[in-house]
Amino acid sequence: MRKSIIRGALLSILLLGFTIPGVALAGGGQKGCSNLGTWFGVSPFPPDPTSPPVELPPPPWDVTYLTGWSVTVTGKSNNEGTNNFEYPVFDPTLAILGLNETPPFSQAVRIGSMRGNWTRTGGNTFDYTFMGFAFDASNMPVYIAKISGQVVLIEKCQYQYTTAIMEVFRPWMNPFHDDYEWEIPLGVFYGYRAVVDLP
């Protein structure tokens, strides 16, 4: 009788041990690349940047240069956290889209740092949103930019493929609850993970 009680107790403990990892994984713990760190925008990057990142040729590519943006991704885990995005060379007038004659874009001279959040959606995939202000020559806000998209980590976690859509709000609007005035697809971007690189 005593042996059967001990066996039952041991079997229960063993089954509990198998159950706990399953619960932890079901709670959102997915394995894959870590998104944490600092990333710098790079270009060019094959293939056609309008297509998804599949069957990429092996690195190195002919020319890789910095495009001017950087993002620092932080978090208490690999599943969610915050972004600190900077793009000082971004044209806030959006002249490339022909909006540089249209207020409020025509009044903007710079876009400030942007802050936001990210969350893991799969092994190497993430969703993000960050937000910031565009300013005029007097440092007055002329619009709020809210940028969202997806990130896919590729090439052994060293590169990221990022989509981006910008929603634009007037400075007096509530970007958390109001509908945007403009929605502007920004295309796709590639980033390269910064590493410790002593001389």
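These values consider heavy atoms only, across backbone and side chains, with no hydrogens, waters or symmetry-generated copies.
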Closest non-hydrogen atoms of P92 and A108, given as atom of the first, atom of the second and distance, are CB-CB, 3.6 Å
Minimum-distance pair of heavy atoms, taken over all atoms of F169 and D178: CE2-O, 3.3 Å
Go through the steps to decide whether Y192 and E155 satisfy the test side chain to side chain contact (heavy atoms under 4.5 Å, CB included), and finish with yes or no. CA-CA 10 Å; Y192 185 79; E155 293 298 313; over 6 Å; no
Main chain of T74, side chain of W118: is a donor-acceptor contact present, judged purely on distance under 3.5 Å? yes
Under the criterion side chain to side chain contact (heavy atoms under 4.5 Å, CB included), which of L153, V188, T125 is the partner of Y161? V188
Can you confirm whether N139 is buried at CG, in the sense that more than 12 heavy atoms of other residues, nucleotides or ligands lie under 6.0 Å from that atom? yes
Donor + acceptor pair across side chains of N78, S34 (<3.5 Å): yes
Residue pair T162 / V151: nearest heavy atoms and the distance that separates them: OG1-CG2, 3.7 Å
Look at the side chain of R193 and the backbone N and O of N35, then say whether any donor-acceptor pair between them is shorter than 3.5 Å. no
Report whether F126 and L36 are members of the same hydrophobic cluster (ILVMFWY, side-chain heavy atoms less than 4.5 Å apart, transitive linking). yes
Can you confirm whether or not the ring centre of Y143 sits under 6.0 Å from the ring centre of F133? no
Closest non-hydrogen atom pair between T67 and Y87, with its separation: O-CE2, 3.9 Å
Find out whether L97 and F105 are in side-chain contact, i.e. whether some heavy atom of one side chain is under 4.5 Å from a heavy atom of the other. no
Hey, do the aromatic rings of F130 and Y128 have their centres closer than 6.0 Å? yes
Check: D127 main-chain N/O paired with T119 side-chain donor or acceptor under 3.5 Å: no
Run E86 and S113 through side chain to side chain contact (heavy atoms under 4.5 Å, CB included) and show every step you take. CA-CA 5 Å; E86 297 186 43; S113 296; 3.5 Å; yes
Measuring only between side-chain heavy atoms, which start at C-beta, is I144 closer than 4.5 Å to M131? yes
Below 4.5 Å, heavy atoms only, C-beta onward: do E167 and S148 meet side chain to side chain? no
If Ile, Leu, Val, Met, Phe, Trp and Tyr residues are connected whenever their side-chain heavy atoms lie under 4.5 Å apart, and connections chain through other members, are W39 and V195 in the same group? no
Please evaluate residues K146 and T129 with respect to the criterion side chain to side chain contact (heavy atoms under 4.5 Å, CB included), reporting the C-alpha separation (whole Å), side-chain torsions for both, the decisive distance (0.1 Å), and the verdict. CA-CA 7 Å; K146 184 177 180 181; T129 298; 3.9 Å; yes
What are the two closest heavy atoms between C33 and R120, and how far apart are they? O-NH2, 2.9 Å
Kindly indicate, with the supporting measurements, whether the criterion side chain to side chain contact (heavy atoms under 4.5 Å, CB included) is fulfilled by I165 and I184. CA-CA 6 Å; I165 294 178; I184 303 166; over 6 Å; no
Mind running side-chain hydrogen bond (donor to acceptor under 3.5 Å, both in side chains) on Q150 and T163 for me, showing each step along the way? CA-CA 5 Å; Q150 291 81 39; T163 64; 3.1 Å; yes
N124 side chain to G32 main-chain N or O, any donor-acceptor pair under 3.5 Å? no
For the hydrophobic clusters of this structure (ILVMFWY residues joined by side-chain heavy atoms under 4.5 Å, transitively), does one cluster hold both L99 and M166? yes
For residues F90 and I111, report the shortest heavy-atom separation together with the two atoms involved. CD2-CG2, 4.0 Å
Assess the residue pair N84 and R115 against the criterion (side-chain hydrogen bond (donor to acceptor under 3.5 Å, both in side chains)); give the C-alpha distance rounded to whole Å, side-chain angles, the decisive distance to 0.1 Å, and a yes or no. CA-CA 5 Å; N84 180 355; R115 305 287 190 272; 2.8 Å; yes
